[in-house]
Amino acid sequence: MTESALELVGVTAGYGRSMVLHDVSLTVPGGGAVSLMGHNGAGKTTLLRVAVGLLGVRSGQVLLNGEDVTKQRPNARVKRGLGYVPQGQLSFPQMTTLENLQLVTTRQSEIDEMLDLFPALTGLLSRRAGLLSGGQRQQLSIARTLLTKPKMLILDEPTEGIQPNVVAEIERVIVELTQRGDLSVLLVEQHVGFALRSTGSYYVLESGRVTSSGTGGEGALGDVRAAMAV
Ligand SMILES: Nc1ncnc2c1ncn2[C@@H]1O[C@H](COP(=O)(O)OP(=O)(O)OP(=O)(O)O)[C@@H](O)[C@H]1O
Ligand SMILES: [Mg+2]
């Protein structure tokens, strides 16, 4: 049996006294890709913040590669192979695309590898990140996080507000990376079709509770739509 890359066990968490997640359990298998869907405000980003360690739990556990990291700070989890691309295409706007990548590594071979994965960035290396389009910035954020060589990659709505051709690029990258088998992915997504094509299994979160889960593929489209219609 493959060890799980990331596991949330009975997690209850929130902000101050108001709990957002209620007894949530979720597993990302080693080398697998899992999507997490749900309406605005369902608690998806909150769940990712718990996984990354930016938010503590009221009860429950977070495991990375079978190790209990519930009490560990984000940087300790990053050292254990976690990579997080937050919602909203973050980058350093005054720095160029290349400088943003060089924040992680100055090794040209590693940067070239990212440019192979995201060819669109090649012509944008000397452009300031603040001038990139949303889709280009999203690719830059993912590339920068991948340069840290994560084993468990967490993506929060990478397709939010970007055009279909860039969505297809990101889908290609997720599929390519997980097919190599050395990366596990947890993808938060509102685009159900994209999510199911990119991942092997899914969870639906509604008002902080898992209301549906199963194996992915486009065959699950009807089930997920039904789960999200309530
Ligand atoms: N820092 C915070 N303090 C208090 N409440 C918060 C905070 N961040 C989020 N919330 C609340 O927690 C709930 C879940 O928010 P969350 O950001 O996890 O939702 P989401 O599923 O990621 O939504 P979206 O699809 O819009 O990104 C919402 O009701 C939100 O208002
Ligand atoms: Mg969110």
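Each ligand, and each atom within it, is numbered from 1 in the order the structure gives.
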To the nearest 10 degrees, how large is the angle at the Mg ion (ligand 2) between T45 OG1 and Q87 OE1? 80°
Less than 3.5 Å between some nitrogen or oxygen of G38 and one of ligand 1, yes or no? no
For T45, the ligand 1 atoms whose distance to one of its heavy atoms is below 4.0 Å: 17 (O), 18 (O), 20 (P), 22 (O), 27 (O)
Could you find the nearest protein heavy atom to atom 26 (O) of ligand 1 and give me its residue, atom name and distance? N40 ND2, 2.9 Å
Honestly, for Q87 the part within reach of ligand 1 (heavy atoms, under 4.0 Å) is side chain
d(S184 OG, N65 CG) to nearest 0.5 Å is 7.5 Å
Interatomic distance, M114 atom CE to I142 atom CD1 [nearest 0.5 angstrom]: 10.5 Å
Derivation and outcome, side-chain hydrogen bond (donor to acceptor under 3.5 Å, both in side chains), residues T45 and D156: CA-CA 7 Å; T45 297; D156 196 351; 2.7 Å; yes
Could you tell me the residue and atom name of the protein heavy atom closest to atom 3 (N) of ligand 1, and the distance to it rounded to 0.1 Å? Y15 CG, 3.4 Å
Contacting atoms of ligand 1, where contact means under 4.0 angstrom from a heavy atom of E157: 24 (P), 25 (O), 27 (O)
CG (L101) and CG (L115) are apart, to the nearest 0.5 Å, by 7.0 Å
Can you tell me how far the OH atom of Y203 sits from the CG atom of L186, to the nearest 0.5 Å? 9.5 Å
Would you mind listing which atoms of ligand 1 come within a distance below 4.0 Å of any non-hydrogen atom of H39? 21 (O)
Protein heavy atoms: any of them under 4.0 Å from atom 6 (C) of ligand 1? yes
Nearest protein heavy atom with distance in Å, relative to atom 23 (O) of ligand 1: G41 N, 2.8 Å
Determine whether a donor-acceptor pair (N or O, by modelled atom type, separation under 3.5 Å) exists between the side chain of R49 and the backbone of L55. no
Heteroatom distance test (G43, ligand 1): nitrogen or oxygen, under 3.5 angstrom: yes
Rounded to the nearest 0.5 angstrom, the CG-NZ distance for L183 and K149 is 13.0 Å
Here the atoms of ligand 1 under 4.0 Å from any heavy atom belonging to A42 are 19 (O), 21 (O)
Heavy-atom count around R107 CZ within 6.0 Å, excluding the residue itself: above 12? no
Under 3.5 Å side-chain donor-acceptor pair for S198 and E171: no
Within ligand 1, which atoms have a heavy atom of T46 less than 4.0 Å away? 14 (C), 15 (O), 16 (P), 18 (O)
Which protein heavy atom lies closest to atom 25 (O) of ligand 1, and at what distance to 0.1 Å? K44 NZ, 2.8 Å
For the Mg ion (ligand 2), decide whether T46 has an N, O or S atom at a distance under 2.8 Å. no
Determine whether the side chain, the backbone, both or neither of V20 has a heavy atom under 4.0 Å from any heavy atom of ligand 1. side chain
Go through it in stages, so that I can follow the logic: the residues are T105 and E110, the test is side-chain hydrogen bond (donor to acceptor under 3.5 Å, both in side chains), and I'd like the CA-CA distance, side-chain angles, deciding distance and then a yes or no. CA-CA 7 Å; T105 182; E110 294 180 353; 2.9 Å; yes
Under 4.0 angstrom from atom 31 (O) of ligand 1, is there any protein heavy atom? no
Enumerated ligand 1 atoms positioned under 4.0 Å from heavy atoms of Q190: 25 (O)
Dump the intermediate steps for side-chain hydrogen bond (donor to acceptor under 3.5 Å, both in side chains) on T159 and H191, then the final yes or no. CA-CA 8 Å; T159 67; H191 293 156; 3.0 Å; yes
